[in-house]
2 protein chains.
Amino acid sequence: MGNPGKPRPVAPADSGRRMQMADLARLAGVSTSTVSRALSGSELINPETRERIRTLARKFNYTINSVATGLRSGVQRTIAVIVPFEKASRQSFADPFLHGMIGSLADALTERGYEMLLSRIDADQLDTVAALIDSGRAAGVILIGQWRHHDQLNAMAARGLPLVVWGAHLPHQDYCTVGGDNVRGGRLVAEHLLAQGRRRMVFLGDCGLPEVAQRYRGFTAGLRAGGVGLPAQQRRTVPFLAESGRQAMLALIDANPALDAVFASSDLLAMAAVGALRERQRQVPADVAVVGYDDVELAAHFNPPLSTVRQPIHEAGTALVDALLLMLNGKTAPASALLETRLVVRESSQSAPAP
Amino acid sequence: MGNPGKPRPVAPADSGRRMQMADLARLAGVSTSTVSRALSGSELINPETRERIRTLARKFNYTINSVATGLRSGVQRTIAVIVPFEKASRQSFADPFLHGMIGSLADALTERGYEMLLSRIDADQLDTVAALIDSGRAAGVILIGQWRHHDQLNAMAARGLPLVVWGAHLPHQDYCTVGGDNVRGGRLVAEHLLAQGRRRMVFLGDCGLPEVAQRYRGFTAGLRAGGVGLPAQQRRTVPFLAESGRQAMLALIDANPALDAVFASSDLLAMAAVGALRERQRQVPADVAVVGYDDVELAAHFNPPLSTVRQPIHEAGTALVDALLLMLNGKTAPASALLETRLVVRESSQSAPAP
DNA sequence: ACGCAGATTGCAATCGATTGCATTAAGTTT
DNA sequence: AAACTTAATGCAATCGATTGCAATCTGCGT
């Protein structure tokens, strides 16, 4: 190192350009072929040479340029995770459920040696997703939520893009989804609320989104089985945003002063609903029972602790990643998966209503 | 969509390997040079030829391979965003504050034409971060939180790695940070609680983390100015996890039955604290005032709405990205930035204590 | 001393796009 | 009609690492 009289300090710590294999080869007095093989642990290289080169690499913080490697080998170990948002509402990224999902995906990808490119994309320009693949920046795409773009997703699948979607399984679907059993989830909530003696329910959520629509379907089916209806003034279309949830809930209270239960299509909305109920002096759960969806971490620590339908986020991440990798290897689109879904009853929906 | 008689839907559009520039050149009857120039809009190319090639490219969904481009040009438009976690507690990714930060960074990066590589990394192996840069997978790194690794970060900065950290500004710091004014934040909370007539405070948070330590310093300084102390049994070291927060708060209540205020070093902990207080039949804010930190979106919708110190998350994302880009261009590490910090008083700390 | 096996190492082509320079074709000048 | 512009396009080197094949060297058998 501190050799006096160096003609040109090749790359001190790194004053100039990044060190590359040729530099290391020069330093070691061998060819780049040898360096390459030494670093990859090839048996062809003399163990002593190998060790010498590796030591040198470590000493100079040399790491193989993975752009070059990627070009040469043609393999790409990056997966794009796309969180679509709706321009109108800037909706989506605020939901804690997404957060959990992203964390779970990050873990699953890391475990399998992949990197995660995270991107928010305007839901109306989903086709830019295809460019991620076509340009080789990602090997595959995991899309969180299908939103209102079923047909576009089918088109992308038809083009053979390696794509897996977290969301609902729909009829005429050519792409692969992984999701919870939303219909069952909705039905479980209905049954639970009915069992608690509730009758005048309201529903919060945007049925334009397939997952929400399924939850709604299960919910109303469950209610119908118990002889309870859900007329239009007891529903409200609302994006997954706390403030929107609050507004919608206030309106629902005003339109249905006697309501005794709320089913919100996400925990975030449920929490906002609790706030709105409180503003209107309704006690949860004494006056009104509230049930959410997702079972985000905070649900258990909310005040009151929130009853909710659990989405198995950890399994979800694993299942999404595995499905995508299968697709990348096998070329055969794996079947869509339906994950277990169960109701977690906590305080917010427990006690009987005041008659 | 439901097209009957599809032979094999696997990959009709491009059966086989990905189309590349040479293919397109052949189709257009020109050389790759011409295609390259046509697609990049060079004036050298005949407008008609240019348009013809572009149309062809669109028709075949051809997108320039950005791995090859990246290799040739040597520029990398990917920034790594690192969320360190502590192996012991799996701590960190659960915090909604992080979620907001990631969203904000994603927006700021996208706006400037960069991609975001998101990675969770064991805080004890921060050096793997350097490999991201050395291997050319990312042009720079944004690290969320400095955790207990001030020295390692200094070492990385000394190596000249383009690195910006969200966190506290510390003495003897060679890397660039962007962060809120934590000392001021802590002091504001102290002053507010004192003004509400509270005297028996407790503090929740891990002072091993520089940001928390500064909040604590500001808090105790503020209390001292009001003649109030904070003996050891009124503090609790706790990671940013809801369940840990609950446990710690329960312990604090038992150790200080007469407490009348809580300062939690994050909103997540504050929410967990409210839950614990509720378990012990303490009213918030009547019996005990609670103040959090961060002002996550949910804070305003919590029950009761949570008083908290606002961290300007949007500015933070912008500032972090801008600082990093400056570093990448100018080669000169920009000065660390301190963002505005202010107290948001909501219901959880409002009314006077029962005397 | 010659030939050959085995162990190491180097040469050069390759991955896909870009770009300086050369080349060709068409048009203009004298 | 020769000389010369100008416009449009192609050739070939380049980015940094990998790898099939060839080259070199050592040692050994005879």
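A, B, ... follow the sequence lines: proteins, then strands. Residue 1 opens every chain.
At a threshold of 4.0 angstrom between heavy atoms, the contacts of B:L44 include nucleobase atoms, whether or not backbone atoms are also involved. Using a 4.0 Å heavy-atom cutoff across all strands shown, A:T34 reaches sugar-phosphate atoms only and no base atom. Counting non-hydrogen atoms under 4.0 angstrom, A:S33 reaches a base of the nucleic acid. As judged by a 4.0 angstrom heavy-atom cut-off over every strand, A:T69 is placed among residues touching the sugar-phosphate backbone only. If you check every strand for non-hydrogen atoms under 4.0 Å, B:V30 touches sugar and phosphate atoms only.
When rounded to the nearest whole Å, the span between CG of B:L24 and C1' of D:dG10 equals 16 Å. Counting to the nearest Å, the P atom of C:dG16 and the CZ atom of A:R137 are 17 Å from each other. Rounded to whole angstrom, the span from the CD atom of B:Q20 across to the P atom of C:dT18 amounts to 12 Å. Between the P atom of D:dT18 and the CG atom of A:L39 lies a distance of 8 Å, rounded to the nearest Å. Atom CD1 in A:I45 sits roughly 5 Å away from atom P in C:dT9 (whole-Å rounding).
With distances taken from any side-chain atom of B:M21 to the nucleotides C:dA17, D:dT9, D:dA17, the minimum falls on C:dA17. Across C:dG20, D:dA17, C:dT18, the shortest atom-to-atom separation from the side chain of B:R37 is found for C:dG20.
OP1 or OP2 of C:dG16 has not a single side-chain nitrogen or oxygen of B:Y62 nearer than 4.0 Å. Of the side-chain N and O atoms in B:S66, none sit less than 4.0 angstrom from OP1 or OP2 of C:dA17. Between A:T49 and C:dT9, a side-chain N or O to OP1/OP2 separation shorter than 4.0 Å is present.
Every residue was checked against the ring pair (Phe, Tyr, Trp, His ring centres under 6.0 Å) condition with B:H149, not counting sequence neighbours, and none meets it.
Here the straight-line distance linking atom CG of A:L117 with atom CD of A:Q76 works out to 9.0 Å at 0.5 Å rounding.
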